[in-house]
Amino acid sequence: MTTAIINVFLKEGVLDPQGKAAHHALDSLGFKGVKDVRIGKQIVLQLDVDKEKAEAEVKEMCETLLANTVIEDYTIEIK
């Protein structure tokens, strides 16, 4: 069993309203040391393929469905 962990975040320069709202809320709660907040998502896949094949398949999944590569970046960790 192979696990793929995918982290998807908006690209730098793309407005992140959730991140801005969280930043504002943290500031309002007194957490003054937070300089910026970016909100993303994590996708965990359990795959029944070896690690080499998993990496190629997961990259294809990200490019075609799991990430909007126009506005999002992603990272893949295979375990």
Side-chain angles (χ1 to χ4, degrees):
M1 183 75 65
T2 302
T3 301
I5 301 170
I6 305 153
N7 291 301
V8 181
F9 290 92
L10 291 169
K11 291 182 176 181
E12 289 295 322
V14 175
L15 181 63
D16 180 357
Q18 284 184 305
K20 294 295 181 203
H23 187 205
H24 178 72
L26 289 169
D27 190 58
S28 297
L29 292 169
F31 296 101
K32 302 297 183 191
V34 180
K35 296 190 82 155
D36 192 23
V37 178
R38 302 288 288 176
I39 302 288
K41 61 186 171 187
Q42 185 175 73
I43 303 163
V44 179
L45 303 175
Q46 299 293 327
L47 304 164
D48 194 19
V49 297
D50 62 40
K51 289 182 179 182
E52 290 77 28
K53 187 170 182 172
E55 187 163 353
E57 283 191 0
V58 170
K59 183 173 184 197
E60 186 176 347
M61 291 176 196
C62 289
E63 295 287 328
T64 58
L65 177 70
L66 300 176
N68 179 348
T69 57
V70 174
I71 61 169
E72 295 175 322
D73 288 325
Y74 65 88
T75 61
I76 301 169
E77 180 183 356
I78 303 291
K79 293 184 173 184

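Positions are given from 1, in the same order as the sequence printed here.
- Annotation for Gln42: atom CD counts as buried by contact number, over 12 foreign heavy atoms lying within 6.0 Å.
- The same ILVMFWY cluster, assembled from side-chain heavy atoms under 4.5 Å apart, contains both Val14 and Val70.
- For the pair Val8 and Leu66, the tightest heavy-atom approach, listed with the atom from each and the gap, is CG2-O, 4.1 Å.
- In terms of modelled atom types and a separation under 3.5 Å, the side chain of Glu72 and the main chain of Asn68 share a donor-acceptor contact.
- Here the side chains of Lys59 and Thr64 are not in contact, with every heavy-atom distance at 4.5 Å or above.
- Note that the NE2 atom of His23 and the OG atom of Ser28 stand 10.0 Å from one another [nearest 0.5 Å].
- In this structure a side-chain-to-backbone donor-acceptor pair under 3.5 Å is present from Thr2 to Val49.
- A distance-only check finds a donor-acceptor pair linking the side chain of Arg38 to the backbone of Leu10 [under 3.5 Å].
- Residues Tyr74 and Thr69 are in side-chain contact: their nearest non-hydrogen atoms beyond the backbone lie under 4.5 Å apart.
- Of all non-hydrogen atoms in Leu47 and Met1, the two that sit nearest each other are O-SD, 3.5 Å.
- Atom CD1 of Ile39 sits about 11.0 Å away from atom NZ of Lys20, to the nearest 0.5 Å.
- Rounded to the nearest 0.5 angstrom, Thr75 OG1 and Ile5 CD1 are separated by 9.5 Å.
- A heavy-atom distance below 4.5 Å is not found between the side chains of Ile71 and Lys11.
- Considering only heavy atoms from C-beta on, Asp27 stays 4.5 Å or farther from Val34 through its side chain.
- Atom NZ of Lys51 is separated from atom NZ of Lys79 by 10.0 Å, given to the nearest 0.5 angstrom.
- Here the NZ atom belonging to Lys53 is positioned 10.0 Å from the CG atom belonging to Asp48, to the nearest 0.5 angstrom.
- Here the side chain of Lys41 pairs no donor or acceptor atom with the backbone of Ile6 at under 3.5 angstrom.
- Between Met61 and Leu45 the shortest side-chain heavy-atom distance falls below 4.5 Å.
- The local environment of CD in Glu60 is sparse, with at most 12 non-hydrogen atoms from other residues, nucleotides or ligands closer than 6.0 Å.
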